[in-house]
Amino acid sequence: MSVDKLASSPHFHPIPLIVRNSLQWISNSTLQSNPPFTPEGPSVWATNLIKSYFDKGLTREACNLFNEIPERDVVTWTAMIVGFTSCNHYHQAWTMFSEMLRSEVQPNAFTMSSVLKACKGMKALSCGALAHSLATKHGIDRSVYVQNALLDMYAASCATMDDALSVFNDIPLKTAVSWTTLIAGFTHRGDGYSGLLAFRQMLLEDVGPNSFSFSIAARACASISSYSCGKQIHAAVTKYGLHCDAPVMNSILDMYCRCNYLCDAKRCFGELTEKNLITWNTLIAGYERSDSSESLSLFFQMGSEGYKPNCFTFTSITAACANLAVLSCGQQVHGGIVRRGFDKNVALINSLIDMYAKCGSISDSHKLFCDMPGRDLVSWTTMMIGYGAHGYGKEAVKLFDEMVQSGIQPDRIVFMGVLCGCSHAGLVDKGLKYFRSMLEDYNINPDQEIYRCVVDLLGRAGRVEEAFQLVENMPFEPDESVWGALLGACKAYKLSNLGNLAAQRVLDRRPNMAGTYLLLSKIYAAEGKWGEFAKMRKLMKGMNKKKEVGKSWIEIRNEVYSFVVGAKMGPHIEWVHKVIDVLIWHMKDDGDVTDLDYIVDYLEGT
DNA sequence: ATAGGGTTAG
């Protein structure tokens, strides 16, 4: 009976009798020197069995068997390293490798390429560099497998691409795998442009592209939102006859979605003969970003065509509910997640936290966050942004400190979350402290978005002059969002001179933003400069584009009612007016009405 | 008997 047959038998039990017997046989050294049944030696038998155990996910059984083998050769050790790596137990793979060295078994090229893959998985550059030096010492760094694995390990590390490039340049015979690994290295670290340049070089050097290189090339286009390059890649895919390869076409589909060409995406999807779950997930995720209700329809369509949603599907669907702010729908999705037992998936819980926060139910977010067994950086960030949006700035700040205490390294986005929280809670100096700590303690360079947050932080608190100084002294050219934040502050504090300057800077960069004229006109109105006010309004009317309309909506008994300022729609609009009157009356009663802007908006329908 | 690169979630 072959090992494979044995392992795939429906009656397979972890250690069946026949295997116990074989173990005894392997341990029996007198038989070992003279194997009676098979032409291969007992370690061949054992290695095959180890591989089968790992394929079935039976790690324990593989280890037990391995421990009973008296003479372990390099192939057996390598099979263990490969086994652990294939089920993502990278640390155990590395432990195996060090034990192997301790028992003075010489590694070969198979061992080194496998252990380098484990180093990549551990994200342990130091282990990888050690493995590199060992490979060089044993002269097995001349295998192209080892070279490609080294390239992959360095490219995936958090260091620069320099080491990866020097390995790549030293590969005498670069294969398609070498090139694909290089392209993936650039692309996965966000440099899709260099990835595409490498892809072009690969073609120029007459290395035939295959499905692997096309899918990563499409991913590179997606990462830099280059529709024109993406279309060319799609054409080349067709030319090479790979238009039926599922992973390639999923990448192409994703590219169209990320470039915001949903029509091309839908057409591409319709033409696909070989669809799989990832195909559906890609399209649903694509629509979630720009047309969430369509994303929900696709979800139902997918179910009716017999596809079973997985965690990826539910993450996008949950995000769609968040975008639409439809709480009851989100709750049903949550129910579906629990029923399927997906409620242990961290990324999925993160999207549920975000959904409840965006649907107004921050207490549900908090409950999910507290009950999570393991929180990642995204969990903390999502909860912080949720708190900030609900005006709980102090809680957001507290969370940030707790996160650092728990040993998680903050990144740029989590700093944005905490700065935003400080901004909404008026914790200006606290926010400035975090801003400084970013560079000083964590070596994170602030980008446009961070500066926008800090300008907003100062501006909301009325420290507009300071905000202006910050903008003036930025280490790079501020973009329209930074100037826009300053303009917002000028509007709130009715500073027409500075506001005019900020508006000018916004318009220099984005001449078509009608909202800029609108803000400026409001500053003039507040100062009683009606001539200037009229000029702005005239400029606005002359523009083809209108400011994107702000909308509010509410879910009542399975119906979504949406409202636009000033719109005279719906049979219930007079009720809404009555409620607003009551609200204004209450606000006046509380002495809270300092800014009657909303009434101006309301009457004018802007 | 042991080794390679690609696709979906913030």
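Chain A is the first sequence line, chain B the second, and so forth, proteins listed ahead of strands; every chain is numbered from 1. These numbers come from a predicted model, not from an experiment.
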Take A:Glu205 and A:Arg200, measure what salt bridge (charged side-chain N to carboxylate O under 4.0 Å, His left out) needs, and give me the verdict at the end. CA-CA 9 Å; A:Glu205 297 194 11; A:Arg200 194 182 62 165; over 6 Å; no
Close residues, residues 182-210 of chain A, relative to DNA chain B [heavy-atom separation under 4.0 Å]: A:His188, A:Asn210
Flag for A:His132-A:Tyr154: side-chain donor and acceptor within less than 3.5 Å: yes
Nearest-neighbour nucleotide for the A:Phe110 side chain, B:dG5, B:dT8, B:dT2 considered: B:dT2
Figure out the CG/C1' separation between A:Asn108 and B:dG4, and round it to whole Å. 15 Å
Can A:Ser213 and A:Asn210 be counted as having a side-chain donor-acceptor contact under 3.5 angstrom? yes
How many whole angstroms separate atom CZ of A:Arg219 from atom C1' of B:dT7? 9 Å
Base, sugar-phosphate alone, or nothing: which one does A:Val378 contact when heavy atoms must sit under 4.0 Å apart? base
Would the base of B:dG4 count as contacting A:Thr175 through its side chain, where contact means a donor and an acceptor less than 3.5 Å apart? yes
Take atom CZ of A:Phe84 and atom P of B:dT2, then tell me their distance rounded to the nearest Å. 18 Å
By nearest atom, which of the nucleotides B:dG6, B:dG5, B:dA9 is closest to the A:Ser211 side chain? B:dG6
Name the closest nucleotide to the A:Thr181 side chain, picking from B:dG5, B:dG10, B:dA3. B:dG5
Consider the side chain of A:Asn148, meaning its heavy atoms from C-beta on, and name the nucleotide among B:dG4, B:dT8, B:dG5 that approaches it most closely. B:dG4
Per atom distances to the A:Ile216 side chain, the nearest of B:dA3, B:dT2, B:dT7 is B:dT7
Sugar-phosphate only, base, or nothing, as touched by A:Ala218 at under 4.0 Å among non-hydrogen atoms: nothing
With a 4.0 Å cut-off on heavy atoms, is A:Ala149 in touch with a base, just the backbone sugar-phosphate, or nothing at all? nothing
Choose from B:dG10, B:dG5, B:dG6 the nucleotide whose nearest atom is closest to any side-chain atom of A:Thr315. B:dG10
Using atom CG of A:Asn345 as one end and atom C1' of B:dG10 as the other, report the distance to the nearest whole Å. 13 Å
Atom CG of A:Leu242 and atom P of B:dG6 are separated, to the nearest Å, by 17 Å
Pairs in or reaching into residues 63-85 of chain A: which pass ring-ring contact (aromatic ring centres under 6.0 Å, His included), with residues at least two apart or in two chains? A:Phe54-A:Phe84, A:Phe66-A:Trp77
Check this one for me: any side-chain N or O of A:Arg258 less than 4.0 Å away from OP1 or OP2 of B:dA9? yes
Counting only distance, no hydrogens or angles, is the base of B:dA1 paired donor-acceptor with the side chain of A:Thr47 under 3.5 Å? yes
Tell me which nucleotide among B:dA9, B:dG10, B:dG6 gets nearest to the side chain of A:Asp245. B:dG6
Rounded distance (Å) that lies between atom P of B:dA9 and atom CZ of A:Phe314: 17 Å
Determine whether a donor-acceptor pair (N or O, by modelled atom type, separation under 3.5 Å) exists between the side chain of A:Arg258 and the backbone of A:Arg219. no
Counting N and O atoms only, with roles assigned by atom type, does the side chain of A:Asp152 sit under 3.5 Å from a partner on the main chain of A:Ala155, one being a donor and the other an acceptor? no
Would A:Thr282 and A:Asn250 count as a side chain to side chain donor-acceptor pair (under 3.5 Å) if you check the C-alpha gap in whole Å, the side-chain angles of each, and the deciding distance to 0.1 Å? CA-CA 7 Å; A:Thr282 304; A:Asn250 290 341; 5.1 Å; no
Using the ring pair (Phe, Tyr, Trp, His ring centres under 6.0 Å) rule, pick out the option among A:Tyr261, A:Tyr240, A:Tyr256, A:Tyr227 that qualifies with A:His234. A:Tyr256
Could a donor-acceptor pair under 3.5 angstrom be found where the side chain of A:Asp376 meets the base of B:dG10? no
Can you tell me the distance, in whole Å, between the NZ atom of A:Lys51 and the P atom of B:dA3? 6 Å
Distance-only side-chain donor-acceptor flag, A:Asp141 / A:Gln147, under 3.5 Å: no
Does B:dG4 have OP1 or OP2 under 4.0 Å away from a side-chain N or O of A:Lys117? yes
Using a 4.0 Å heavy-atom cut-off, does A:Asp73 contact any base of the nucleic acid, only the sugar-phosphate backbone, or nothing at all? base
OP1 or OP2 of B:dG4 under 4.0 Å from side-chain N/O of A:Lys120: no
Once you apply a heavy-atom cut-off of 4.0 Å, does A:Val248 come out as touching a base, just sugar-phosphate, or nothing? base
Can you tell which of B:dT8, B:dA1, B:dG4 lies closest to the side chain of A:Tyr145? B:dG4
Rounded to whole Å, please give me the gap between OH in A:Tyr154 and C1' in B:dG4. 17 Å
Nearest-neighbour nucleotide for the A:Ser251 side chain, B:dG6, B:dT7, B:dA1 considered: B:dT7
